[in-house]
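This report concerns only the one structure given below.
For ligands, and for the atoms within them, numbers begin at 1 and follow the listed sequence. The basis for the numbers below is simple: all heavy atoms, side chains too, and nothing from hydrogens, waters or symmetry mates.
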Amino acid sequence: MIHDVVVIGAGPAGSYAAYCLAVRGYDVVVLEEDPLVGKPTYCSGLIGLEAFAKHNLPINAIIRSFTAARFYSPYGTEALVSSDRPVAYVVDRGEFDRSLARQAQEAGARYRLATKCIGISHVDGGITAEIRGLEGEERIRARAGIVATGVKYNLLNGLGIARPKRFMEAAQVEVRMRDVKEVEVYLGRKISPGSFGWAIPLGNETVRLGICNGGKAIRYLQGLLENPLIKPRLLDQAPRIKSKPIPISPVKRSYLDHVLLVGDAAGQVKPTTGGGIHYSILCAEIAARTLDEAFRVGNFGERQMAMYESRWRKEIGVELRTGSFFRRLGGWLSDYQIDYLIRSYRNPALRDLVQRTAAFERHSGFILTLCCSQFFWDSFWARLKSKVFRPLSGE
Ligand SMILES: Cc1cc2nc3c(=O)[nH]c(=O)nc-3n(C[C@H](O)[C@H](O)[C@H](O)COP(=O)(O)OP(=O)(O)OC[C@H]3O[C@@H](n4cnc5c(N)ncnc54)[C@H](O)[C@@H]3O)c2cc1C
């Protein structure tokens with residue numbers, strides 16, 4: 001039997017692509033190596049409202065919404081960035097994935113759980129996926145394949161596609177902690193050099209506490225748990241810390257004939273925060289649309305498939321480039337400059353700039369406007385001078 005599409009991976013990218021294809025009437029089979037969808041989860045589950053407004057996402061998985069985030073500088077200065085309406089939701093990530101899978105199944109997609117894809121090869125007019133499941137090994141054939149395997153890149157080696165170049169590591173725990181009213185963001189070299197830590201309150205004093213950085217995220221999260229900002233508010237001992245890499249640069253090429261890469265597998269993640277759910281969903285929808293067109297014209301060749309890449313780069317390419325630039329720039333700032341920027345938020349002009357340009361899922365407008373602002377250059381120039389002429393004092 002030859003399926004229309006085989007989707008490898010039942011995370012948000014795979015299940016949403018499967019749903020978008022199944023509602024169009026295609027015969028879709030989804031392979032998931034874990035025995036259950038949505039387990040284990042490593043994610044904080046923060047998703048911008050924009051994602052729910054633009055896509056058919058499961059609202060039953062929403063735990064709560066947020067209108068504000070409180071930023072803490074390394075010297076304890078606070079800035080409350082708030083909006084008069086909700087900007088993001090936090091979801092139960094396991095339930096989010098399971099609901100997306102249910103939605104795809106209701107549209108007609110078939111799921112094969114505890115089934116790992118161990119290789120993909122091109123055959124005449126399609127692909128063959130080699131799979132290993134409860135009943136041993138077998139091969140299944142399809143006209144096209146979507147690789148949505150998250151940060152497991154083994155299949156890309158066989159396809160001759162290079163994995164993303166840059167990664168960060170993220171570590172997270174769920175703890176009981178009091179007095180966390182809005183999302184909290186912790187900055188500073190001791191907290192997480194060039195990156196940040198976060199606390200996301202879920203209600204009933206349960207909080208997702210995490211760190212992302214270039215490496216050693218677990219060690220930095222252990223440090224955050226001991227930080228005077230956090231420790232006095234903790235109500236219990238932190239359980240086991242989970243960590244996982246996040247790609248922060250896209251793959252050079254996200255297509256081959258008959259095959260598309262979607263989500264973390266393609267590095268479609270915000271480099272600023274490591275948030276990848278919305279971009280996975282957005283690119284899954286584009287992948288499904290591209291394959292739909294390929295079926296209609298009966299052409300799965302590289303030129304046809306290349307339309308997927310040009311479309312998603314048009315949607316989020318600027319975000320990925322400016323985000324990556326900002327992450328590097330942020331890594332350059334000293335604790336003093338970070339504190340200066342947070343203090344500057346008291347200035348009505350900077351507040352206005354943030355209110356006008358900041359968006360949860362798209363950071364380029366804010367980054368470009370900030371980088372052209374006086375506050376930023378005052379701070380940045382001080383760092384540049386200190387780097388060139390003398391070490392920074394007090395750090
Ligand atoms: C600590 C942490 C916190 C995060 N917080 C946020 C956040 O708040 N907001 C946000 O937007 N993003 C967040 N992210 C990123 C987000 O989790 C990912 O971007 C998102 O899960 C990507 O979805 P995906 O479908 O591409 O991959 P995944 O969700 O990783 O799904 C891939 C699936 O493929 C399966 N699979 C892999 N290989 C195979 C194979 N060979 N055969 C069969 N199945 C296979 C896996 O088992 C998995 O189920 C966070 C990440 C981490 C690590």
Parallel, tilted or perpendicular: rings of Phe366 and Phe326 (30°, 60°):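 If you compare the ring of Phe326 with that of Phe366, the planes turn out perpendicular.
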
Ring centre gap for Tyr255 and Tyr308 strictly below 6.0 Å: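 That pair fails the under 6.0 Å test.
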
Check: Tyr26 ring centroid to Phe295 ring centroid under 6.0 Å: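 Yes, the ring of Tyr26 comes within the 6.0 Å limit of the ring of Phe295, centre to centre.
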
With sequence neighbours excluded, residues passing side chain to side chain donor-acceptor pair (under 3.5 Å) with Arg253: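 Partners of Arg253 under the side chain to side chain donor-acceptor pair (under 3.5 Å) test: Glu302.
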
Protein residues having a heavy atom less than 4.0 Å from any atom of ligand 1: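 For ligand 1, the residues that come within the 4.0 Å heavy-atom cutoff are Ile8, Gly9, Ala10, Gly11, Pro12, Ala13, Leu31, Glu32, Glu33, Asp34, Tyr42, Cys43, Ser44, Gly45, Leu46, Arg93, Thr115, Lys116, Cys117, Ala148, Thr149, Gly150, Lys152, Ala170, Lys244, Ile246, Gly263, Asp264, Gly274, Gly275, Gly276, Ile277, Ser280.
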
Hydrophobic cluster of Ile131, others only, ordered by chain and residue number, side-chain cut-off 4.5 Å: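 Direct or chained contacts put Ile131 with Val6, Ile8, Val29, Leu31, Ile120, Ile127, Ile140, Val147, Val151, Tyr153, Leu155, Leu156, Leu159, Ile161, Phe167, Val251, Leu256, Val259, Leu261.
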
Of all pairs that satisfy side chain to side chain donor-acceptor pair (under 3.5 Å), the ones with a partner from residues 85-95, not counting sequence neighbours: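 Every side chain to side chain donor-acceptor pair (under 3.5 Å) pair that includes a residue of residues 85-95, provided the two are not neighbours, is Asn60-Glu95, Arg93-Asp97, Glu95-Ser99, Glu95-Arg102.
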
